[in-house]
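Structure first, then comments.
Below, chains carry the letters A, B, ... as their sequence lines are ordered, and counting in each starts from 1. Note that the coordinates shown come from a computational prediction; the quantities given were computed from them, not determined experimentally.
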Number of protein chains: 2
Amino acid sequence: MNSRFSTAVHILTLLASMPGERLTSEFIAVSVGTNPVVIRRQLALLRNAALVDSKGARGGGWVLARAPGQIALSQVRVALGSEAQFRMHRNEPHPNCVVGQNVRQALSHVYADAEEAVNTSLKGWTIEDLLNEVQSAARRKRNRAKAQPASKSGK
Amino acid sequence: MNSRFSTAVHILTLLASMPGERLTSEFIAVSVGTNPVVIRRQLALLRNAALVDSKGARGGGWVLARAPGQIALSQVRVALGSEAQFRMHRNEPHPNCVVGQNVRQALSHVYADAEEAVNTSLKGWTIEDLLNEVQSAARRKRNRAKAQPASKSGK
DNA sequence: TAAAGCGACACAAAAATTGTTACGCTATTC
DNA sequence: GAATAGCGTAACAATTTTTGTGTCGCTTTA
């Protein structure tokens, strides 16, 4: 299942946090804690959806293709093609089993409904929202650390 | 990824299609096309949620614990504990990366929202609905076959 | 013209899921 | 009351999916 979506949001938020700068896949990979090729794979999909822009060669790298507030998480989801939260079981049912022969089709309606619900939900969040949450969480941590310089050198 | 949910719905629909009868895990396994132990694993979870009832020993087997119209797919989902459609990436982010250190927490809000949306959607479907869909699909196929006894002996 | 970066593919490693075997326990049935 | 059908469960094997790596070519900037 898809931790890919999580990674993609992570990357986009990172790009949003350093506006204007072109980040290389290697830099991103170090921040995220994985391999540059993994990053490129993800970003290639996001580029197809016109969410990011890449430039090869020296001085190249990645930037957001639009304002963070204009990137809804539903778009990210679609871009990744990760719309398969539900998955059919692929067993060969017994030929005489009426249920087995037809349940998948019935389920596909259910799943289409659920997908739509998820999408609607994700439409309510943008990369800007995420960045804000991340930054205020970081601020809270800093304040807490300053208030109680308890453990290691108040860092 | 969870094709488990699909399997569980399949099983429940099968039980609903033969009301009153206790089906053995082996019978179900043959219908579904898998191993009895796999079936039991699933049904054990559904039993914990009081959706089905089992009886061991001779003459034993499984039945629905309530009317098919009283089993919502959201309950099935909860019973299976399959509420992890989204998964966090588990890479160790760089210690200095503010985004990496906080994005998971931010995402957890997003995911909680989405889960709720899915649940609401699944509440709208019951096993009875599925059974009806399955049965009318089967009926349609039969009629089509009768209308054009084209291929193999009009079967 | 050399180096930095992306693009893409093939392959390796790891993780998660699914299937299988085996054995104990319980309640029927004869 | 003994044999048998069937669940309960755990351990293990096989498969599938996901993630990570290595490599090499191409492009652009310095």
Side-chain angles (χ1 to χ4, degrees), chain A residues 1-8 10-11 15 21-49 51-65 80-94, chain B residues 1-8 10-11 15 21-49 51-65 80-94:
Chain A
M1 37 280 299
N2 272 352
S3 65
R4 270 176 277 180
F5 181 80
S6 298
T7 304
H10 184 157
I11 298 172
L15 288 173
E21 305 198 42
R22 267 193 193 278
L23 306 188
T24 69
S25 62
E26 180 166 354
F27 176 89
I28 299 173
V30 170
S31 290
V32 172
T34 184
N35 190 291
V37 177
V38 174
I39 301 294
R40 286 188 218 146
R41 275 211 285 252
Q42 303 271 43
L43 283 173
L45 295 173
L46 298 175
R47 186 190 41 209
N48 294 343
L51 301 182
V52 297
D53 171 61
S54 76
K55 217 172 109 183
R58 212 170 196 182
W62 303 83
V63 288
L64 293 185
L80 298 181
S82 47
E83 318 188 58
Q85 56 170 327
F86 295 101
R87 181 172 296 185
M88 296 294 175
H89 51 315
R90 59 193 172 322
N91 306 336
E92 195 62 38
H94 193 283
Chain B
M1 19 292 304
N2 273 352
S3 64
R4 270 177 276 180
F5 181 81
S6 298
T7 305
H10 185 156
I11 298 172
L15 288 173
E21 303 198 43
R22 268 193 193 278
L23 306 188
T24 69
S25 62
E26 180 168 353
F27 176 88
I28 298 173
V30 170
S31 289
V32 173
T34 183
N35 191 289
V37 176
V38 174
I39 301 292
R40 287 187 219 146
R41 276 210 285 250
Q42 303 271 41
L43 283 172
L45 295 173
L46 298 175
R47 186 189 42 211
N48 294 345
L51 300 182
V52 297
D53 171 61
S54 75
K55 218 173 105 184
R58 211 171 199 183
W62 303 82
V63 287
L64 293 185
L80 297 181
S82 46
E83 319 189 58
Q85 56 170 329
F86 293 102
R87 180 172 296 185
M88 295 295 175
H89 51 314
R90 57 194 171 324
N91 306 335
E92 195 62 37
H94 193 282

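- Under 4.0 angstrom from either OP1 or OP2 of D:dT17 there lies no side-chain N or O belonging to A:Asn2.
- A straight line from CD1 of B:Ile11 to P of D:dC7 spans 12 Å, rounded to a whole angstrom.
- Considering only side-chain N and O atoms, B:Ser25 lies nowhere under 4.0 angstrom from the phosphate OP1 or OP2 of D:dG6.
- Atom CH2 of B:Trp62 is separated from atom P of D:dA5 by 19 Å (rounded to the nearest Å).
- Note on A:Ser3: a side-chain N or O is less than 4.0 Å away from OP1 or OP2 of D:dT19.
- Rounded to a whole Å, the CZ atom of B:Arg4 is 14 Å from the P atom of D:dT17.
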**Request:** I would like to know whether B:Ile11 and B:Leu46 meet side-chain contact (heavy atoms from CB on, under 4.5 Å); could you show each step before the answer?
**Result:** CA-CA 10 Å; B:Ile11 298 172; B:Leu46 298 175; 5.6 Å; no
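- A donor-acceptor contact shorter than 3.5 Å links the side chain of A:Ser6 to the backbone of B:Arg87.
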**Request:** Using the side-chain contact (heavy atoms from CB on, under 4.5 Å) rule, take B:Glu26 and B:Ile39 through it: C-alpha gap first, then chi angles, then the decisive distance, then the call.
**Result:** CA-CA 8 Å; B:Glu26 180 168 353; B:Ile39 301 292; over 6 Å; no
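- Looking at heavy atoms from C-beta onward, A:Val63 lies out of side-chain contact with A:Lys55 at the 4.5 angstrom threshold.
- The CZ atom of A:Arg40 sits 15 Å away from the P atom of D:dG20 (whole-angstrom rounding).
- Between A:Arg41 atom CZ and D:dT23 atom P the separation is 16 Å, expressed in whole Å.
- Side-chain proximity of A:Thr24 to C:dG5, D:dT17, C:dG19: nearest is C:dG5.
- The distance between atom CZ of B:Arg22 and atom C1' of D:dA5, rounded to the nearest whole Å, is 14 Å.
- Between atom CG of residue A:Leu80 and atom OG1 of residue A:Thr7 there is a gap of 9.5 Å, rounded to the nearest 0.5 Å.
- Nearest-nucleotide positions on DNA chain C for A:Gly60 and B:Asn35 put A:Gly60 closer to the 5' end.
- A donor-acceptor pair under 3.5 Å is absent between the side-chain atoms of A:Asn2 and the main chain of A:Arg4, judged by distance alone.
- Rounded to whole Å, atom C1' of C:dA16 lies 20 Å from atom CZ of B:Phe5.
- In the set C:dA8, D:dG8, D:dA10, the nucleotide with an atom closest to the side chain of B:Arg47 is D:dG8.
- Where A:Glu26 and B:Arg90 meet DNA chain C, the nucleotide closest to each residue was compared, and A:Glu26 sits on the side nearer the 5' end.
- Only B:Ser54, B:Lys55, B:Gly56, B:Ala57, B:Arg58, listed by number, bring a heavy atom of residues 51-59 of chain B to less than 4.0 angstrom from any atom of DNA chain D.
- Side-chain atoms of A:Ile28 and A:Leu43, non-hydrogen and from C-beta on, do get closer than 4.5 Å to each other.
- Closest contact between the side chain of B:Thr34 and the listed nucleotides C:dG19, D:dT18, C:dT18 involves C:dG19.
- Separating the CG atom of B:Leu46 from the P atom of D:dG8 is a distance of 12 Å, rounded to the nearest angstrom.
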